[in-house]
Amino acid sequence: MSSNWSLESLRLSIFTADQPKGTEADWTFLTGQDEAEVRQNVPGGKVYVGDFGLGRLTLGFGPNRVDVIMGIKADFAEDAAVPAFAEWDAGIDEFQSVASKFLANFTHPVARLALGSVMLQQAPDEKSVNSILSGYLKSAKIQPDTEDFLYRINSPTRSNILPLKLNRILSLGSVKIQRGSIRVGGNEAGIVMGGQVFAARLELDHSTDAANASPLDRSLLVPIWDELVGLGRQNVESGEL
């Protein structure tokens with residue numbers, strides 16, 4: 001089932017005990033590019049952005065947090081079926097590798113790691129969306145004529161690497177995408193609305209225990225990240241666990 005999902009975004013979040021100061025060297029190490037397309041100072045930190053691999057990469061530094069995010073490229077086709085940069089299987093493989101490289105060389109004390117992902121799967125109508133979502137649910141049931149469905153659950157588990165709780169937050173919902181274009185010319189401009197697109201939405205937010213205050217062993221950061229990604233792969237393949 002996993003290959004049917006298209007990726008809107010993927011995220012690695014690193015929660016630190018200090019305030020990392022990001023530099024262009026961090027971007028170069030992560031991507032191999034001499035400089036980022038966009039470099040921006042934000043409150044308490046910096047953000048570097050540029051196209052990389054399958055998507056558009058963002059490396060953000062803020063107070064007690066660093067985020068590596070893969071999203072839609074700058075030249076994304078507006079007429080695409082759903083807003084996405086890659087299929088799940090290809091996208092998660094690439095992102096897991098890139099994020100692991102960054103984590104393996106991260107020198108700040110880390111108290112928590114998190115994996116985030118948003119996926120979409122197009123369907124011809126709302127009933128078809130409900131059918132897709134039903135295949136990923138165990139503790140809820142969707143009636144065929146349900147509209148605007150939204151469901152969120154955390155099914156915590158224990159890490160196999162450290163004596164820590166892992167949060168497994170899964171969100172499922174139905175979305176309608178309405179496209180439009182601006183018409184310029186004649187006596188006045190106007191907005192031309194296109195057809196409506198129906199899609200199932202799957203969101204993951206898996207993380208180590210927020211209550212943990214002790215720095216994680218640096219040698220275990222990549223294995224813990226791989227464990228979170230593995231839990232995400234299980235959700236995408238089988239739904240609610």
Side-chain angles (χ1 to χ4, degrees), residues 1-13 55 69-72 79-93 95-96 112-161 164-180 193-212 224-241:
M1 291 195 295
S2 61
S3 60
N4 294 325
W5 291 99
S6 298
L7 277 163
E8 183 178 292
S9 65
L10 279 165
R11 169 179 53 84
L12 161 66
S13 293
I69 303 170
M70 186 78 81
I72 297 168
D79 59 349
V82 293
F85 68 88
E87 297 304 307
W88 161 261
D89 292 324
I92 190 61
D93 286 348
F95 188 72
Q96 183 176 5
R112 188 182 182 205
L113 293 175
L115 161 72
S117 180
V118 176
M119 287 155 276
L120 296 168
Q121 187 173 155
Q122 188 181 4
D125 51 41
E126 190 128 33
K127 286 187 177 181
S128 299
V129 170
N130 291 339
S131 178
I132 293 170
L133 296 175
S134 293
Y136 288 81
L137 290 168
K138 291 183 178 178
S139 56
K141 184 177 181 180
I142 311 176
Q143 299 300 325
D145 56 351
T146 296
E147 295 187 7
D148 302 316
F149 179 81
L150 179 61
Y151 179 82
R152 184 174 187 266
I153 187 171
N154 184 9
S155 303
T157 187
R158 302 297 297 181
S159 171
N160 293 319
I161 299 167
L164 287 176
K165 180 181 77 171
L166 300 179
N167 294 302
R168 296 185 298 184
I169 299 177
L170 173 70
S171 299
L172 290 161
S174 59
V175 296
K176 303 181 187 73
I177 302 170
Q178 185 79 44
R179 289 193 173 85
M193 301 306 296
Q196 196 172 60
V197 175
F198 297 89
R201 185 178 189 272
L202 171 60
E203 181 176 357
L204 305 176
D205 190 0
H206 295 355
S207 65
T208 57
D209 194 349
N212 176 64
I224 293 171
W225 165 245
D226 289 341
E227 186 175 33
L228 292 173
V229 172
L231 294 174
R233 290 180 186 273
Q234 290 178 28
N235 281 129
V236 175
E237 186 63 38
S238 304
E240 186 182 348
L241 301 175

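- With sequence neighbours left out, the salt bridge (Lys or Arg N to Asp or Glu O under 4.0 Å) criterion links Asp205 to Arg11.
- A heavy-atom distance below 4.5 Å is not found between the side chains of Val129 and Phe149.
- Closest of all the heavy-atom pairs between Asp209 and Asn167 is CA-ND2, 4.3 Å.
- Of all non-hydrogen atoms in Trp5 and Glu87, the two that sit nearest each other are O-OE1, 3.3 Å.
- With respect to the salt-bridge test (charged N to carboxylate O, under 4.0 angstrom), the residues Arg233 and Asp93 qualify.
- For the atom pair CG (Asn130) and CG (Asp125), the distance works out to 9.0 Å, reported to the nearest 0.5 Å.
- Between atom CG of residue Leu228 and atom CZ of residue Arg168 there is a gap of 11.0 Å, rounded to the nearest 0.5 Å.
- Side-chain contact check for Arg112 and Ser207: at least one donor-acceptor pair (N or O, by modelled atom type) lies under 3.5 Å.
- Atom-to-atom distance recorded for Ile224:CD1 and Leu166:CG is 8.0 Å, nearest 0.5 angstrom.
- Annotation for Gly232 and Leu115: closest pair CA-CD2, 4.4 Å, computed over non-hydrogen atoms.
- Met70 places none of its side-chain heavy atoms less than 4.5 Å from the side chain of Leu7.
- Side-chain contact between Val236 and Ser117 is absent, with no heavy-atom pair separated by less than 4.5 Å.
- Within the 3.5 Å criterion, the main-chain N or O of Leu113 finds a donor-acceptor partner in the side chain of Thr208.
- Of all the heavy atoms in Ile177 and Pro83, the pair that sits closest is CD1-CD, 3.7 Å.
- For the pair Arg201 (side chain) and Gly173 (backbone), a donor-acceptor distance under 3.5 Å is absent.
- Residues Phe95 and Val229 are not in side-chain contact: their nearest non-hydrogen atoms beyond the backbone lie 4.5 Å or more apart.
- When atom types are taken as modelled, the side chain of Gln121 and the backbone of Ile132 share no donor-acceptor pair closer than 3.5 angstrom.
- Distance CG/Leu133 to OG/Ser128: 11.0 Å, rounded to 0.5 Å.
- The shortest non-hydrogen separation linking Glu126 to Phe198 is N-CD2, 3.8 Å.
- Listed here is the closest heavy atom pair of Gly239 and Tyr136: CA-CD2, 3.3 Å.
- For Glu227 (side chain) and Asn160 (main-chain N/O), a donor-acceptor pair under 3.5 Å exists by modelled atom type.
- Sorted by first and then second residue, the salt bridge (charged side-chain N to carboxylate O under 4.0 Å, His left out) pairs with a member in residues 135-156 read Asp148-Lys176; sequence neighbours excluded.
- You'll find the side chain of Lys165 reaches within 4.5 Å of the side chain of Arg158, heavy atoms only.
- Here Leu137 contributes atom CG and Ile142 contributes atom CD1; the two are 5.0 Å apart, rounded to the nearest 0.5 Å.
- Residues satisfying the side chain to side chain donor-acceptor pair (under 3.5 Å) test with Asn212, not counting sequence neighbours, are none.
- Within the model, atoms CG of Leu170 and CG of Leu241 stand 8.0 Å from one another, a figure rounded to the nearest 0.5 Å.
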